[in-house]
Amino acid sequence: MADDVTAVVVDDHPVVRAGVAHWLSSAGITLVASGESAEVAWTGPGAGASVVVLDLHLSGGTPATSALRRLVEDGRKVVVYSMRADDEIALQCLEIGALSYLTKAEGADHLVQAVRAAAAGHSYTPPALAGALAGDRSETRPALSPRETEVLVEWFQSESKEFVAQRLNITLSTVNSHLERIRVKYAAIGRQAPTKAALVARAIQDGLIGLDDL
Amino acid sequence: MTDHAVFTTTRRVLLVVVVATQLVLALPALVEHGSPAPWIAYALLCCVLAIVAGHVAAGRSERFPAVAGAVVLAASVLATTALPEGASFGPADWAFGLIGWYLLLVLVERPVLLVAALAAHVCFSVAWFAHAGNGDVGTAGVVILSGTSFQVGVLVITGVLVRDARLAAAAAAEHDDARTREELARQREQDLKAGFEGQLGALLPLLADLADERVSVADEATRLRCSVAAVQLRRLFAENDDVPDPLLHELTACVDVAERRGVAVSLAVSGTATPVPTEVRRELVAPMAQALAAATGRAKVSLLRTPSEVRVAVVADAGDVLPHRGTVVTVETSVHSGLVRSEARWRTT
């Protein structure tokens with residue numbers, strides 16, 4: 001696949017870096033750098049990569065949310081790749097401005113789609129993240145339409161967009177645009193970030209969402 | 001034995017002592033040395049005696065008012081002051097010992113007041129003795145010591161009895177509590193057994209059919225029944241485990257059985273744990289357990305807890321799945337492109 005998507009992987013486990021490198025290169029995505037600290041995304045070839053795949057739990061300890069925040073504030077497109085399926089942390093990463101949050105239990109397919117979407121400035125919502133959004137109890141959560149909620153829940157439950165489309169009698173692209181609309185609603189709340197602003201602006205431009213919906 | 005029982009018994013014994021002392025020791029001395037004033041004291045004491053006797057005979061439990069002690073002390077003053085010069089603590093002093101017993105009789109439940117009244121009685125008698133000034137100090141000392149030490153001894157014994165009675169009562173109450181707890185545990189176990197039998201409904205007919213060779217495990221239908229029974233049984237075992245998230249625990253148990261059968265199951269959980277009653281858990285898990293039992297290759301189980309709902313869903317490549325119906329949960333089962341989707345929803349609000 002001849003596209004110019006480039007990525008940098010930040011993960012403290014060599015085996016994960018190798019695995020991700022293999023998955024990405026098999027999908028035609030060029031891995032320009034990889035390393036065990038966020039430095040690799042700021043210096044050398046990594047500084048120019050279009051997408052940063054960031055492991056949130058570098059060397060055990062506390063989640064690397066500050067590293068994520070710095071990258072996002074610089075306008076970098078970040079896909080968070082975490083070993084923990086923790087709803088609260090997932091929602092926190094979206095709030096900071098990550099374009100996707102994937103757990104390591106989710107396979108190559110989701111990672112490649114998330115990186116591609118991020119390179120184009122789009123969000124990507126894997127099933128586990130859809131579950132986290134559907135179960136969100138925070139005060140500040142945006143109001144979702146019943147249809148949007150249904151799409152979110154069905155996607156979480158089935159892990160198959162084709163299945164969701166069939167179940168709800170809609171097309172595959174409608175499923176995707178519902179998911180994108182939900183993410184745009186989430187991008188419009190909380191702290192400002194270049195990636196979030198771009199997500200909202202693009203959605204309004206494309207007519208995906210009206211200003212009234214936000 | 002309660003405090004009341006100890007005091008009642010003590011008072012009965014004291015009553016006998018007082019009657020005996022008043023008739024056998026005090027009356028002859030009074031008759032021998034008497035003038036009109038001490039007879040008033042004697043009469044006063046007789047009144048107190050009559051009231052206490054009536055009280056004991058009626059089996060009443062309330063304490064005597066402190067004024068009874070004051071009446072006894074007044075009798076003490078009357079009797080002591082009526083004594084001839086230098087007769088204090090001598091054979092003519094019929095009242096000294098008797099007053100002490102009277103004070104015990106009316107104030108036995110109030111040790112502090114009793115000791116104060118006894119002290120007042122002794123002090124007044126000693127003061128009167130010193131005032132007269134010509135008595136034998138040695139005899140007086142012996143009389144005071146022998147009389148009061150005996151009365152204080154009775155008071156101490158009563159205190160010890162009361163304390164022991166309280167300890168015994170506490171021990172008895174604890175024993176009763178233990179018995180009650182034991183009985184409750186037994187009842188709970190019985191309820192659990194009864195519940196198990198009710199829940200085993202699907203299993204017992206299957207075992208009976210297999211034993212009677214009415215069905216054979218060579219049949220696909222029988223194998224499905226076995227599979228369903230296995231999942232139900234595993235869920236039932238998990239039902240009473242003491243875990244922080246019982247619903248997830250039951251789902252995991254069902255997934256475990258399916259995985260042992262070779263089905264690749266993925267379980268996704270979202271939202272925070274909310275309390276779900278046992279009955280509702282049974283209904284939430286049942287459709288998913290049925291679909292898992294029928295699954296052949298892959299299955300995806302999900303638990304979603306939103307602010308208003310708990311939803312348990314399964315998407316599996318299962319053949320025939322009987323539609324389930326819940327009483328408190330809404331169950332929806334459908335088939336799309338060869339996949340069965342079954343979802344049970346329960347509104348928390």
Side-chain angles (χ1 to χ4, degrees), chain A residues 82-92 94 101-107 109-110 125-146 148-172 175 182, chain B residues 245 247-248 251-252 255 259 263-276 284-285 287-288 291-292 295 297-318 330-349:
Chain A
S82 168
M83 62 179 180
R84 283 176 58 188
D86 184 325
D87 293 356
E88 210 172 308
I89 290 180
L91 293 172
Q92 197 192 342
L94 293 198
Y101 182 99
L102 286 140
T103 63
K104 286 181 182 171
E106 287 167 312
D109 196 28
H110 289 298
T125 310
L129 182 57
L133 294 176
D136 184 6
R137 292 171 191 226
S138 62
E139 296 278 315
T140 53
R141 66 178 190 275
L144 304 182
S145 72
E148 284 166 351
T149 308
E150 248 347 78
V151 169
L152 208 52
V153 171
E154 295 264 354
W155 171 225
F156 166 65
Q157 289 176 342
S158 69
E159 287 181 6
S160 158
K161 285 180 182 169
E162 289 79 10
F163 190 82
V164 178
Q166 268 196 2
R167 278 267 310 149
L168 301 177
N169 208 11
I170 51 179
T171 63
L172 205 57
V175 173
I182 294 163
Chain B
D245 192 345
L247 179 57
L248 180 59
L251 288 180
T252 316
V255 167
E259 280 177 337
V263 182
V265 190
S266 68
L267 172 64
V269 183
S270 171
T272 46
T274 38
V276 181
L284 277 174
V285 177
M288 162 272 185
L292 268 192
R298 304 184 67 81
K300 157 103 196 226
V301 177
S302 64
L303 167 62
L304 174 65
R305 292 174 278 207
T306 71
S308 60
E309 269 188 322
V310 176
R311 304 171 69 157
V312 175
V314 58
V315 178
D317 51 359
T330 319
V331 183
E332 194 197 334
T333 306
S334 57
V335 181
H336 297 273
S337 52
L339 290 176
V340 170
R341 175 188 180 276
S342 192
E343 186 192 34
R345 302 166 68 159
W346 178 62
R347 292 201 71 83
T348 50
T349 46

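The sequence lines fix the lettering, A, B, ..., with proteins before strands; numbering per chain opens at 1.
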**Request:** Identify, with sequence neighbours excluded, every residue that meets side chain to side chain donor-acceptor pair (under 3.5 Å) alongside T103(A).
**Result:** E106(A)
**Prompt:** Could you name the residues of residues 152-160 of chain A that have a heavy atom within less than 4.5 Å of a heavy atom in chain B?
**Reply:** V153(A), E154(A), F156(A), Q157(A), S158(A), E159(A)
**Message:** Can you tell me which portion of V301(B) sits under 4.5 Å from chain A's heavy atoms? Options are side chain, backbone, both or neither.
**Reply:** neither
**Any pair counted as salt bridge (Lys or Arg N to Asp or Glu O under 4.0 Å), so long as it reaches residues 136-146 of chain A, sequence neighbours left out** = none
**Asked** Using a heavy-atom distance cut-off of less than 4.5 Å, which residues of residues 309-317 of chain B contact chain A?
**Response** R311(B), A313(B), V315(B)
**Message:** Which one wins on heavy-atom pair count under 4.5 Å against chain A: S302(B), S266(B), G271(B)?
**Reply:** S302(B)
**Prompt:** Less than 4.0 Å between a side-chain N and a carboxylate O, is that true for R167(A) and E343(B)?
**Reply:** no
**Prompt:** Does any heavy atom of chain B fall under 4.5 Å from the side chain of A134(A), the backbone, both, or neither of them?
**Reply:** both
**Asked** Is the number of heavy atoms from other residues, nucleotides or ligands within 6.0 Å of CD (E259(B)) greater than 12?
**Response** yes
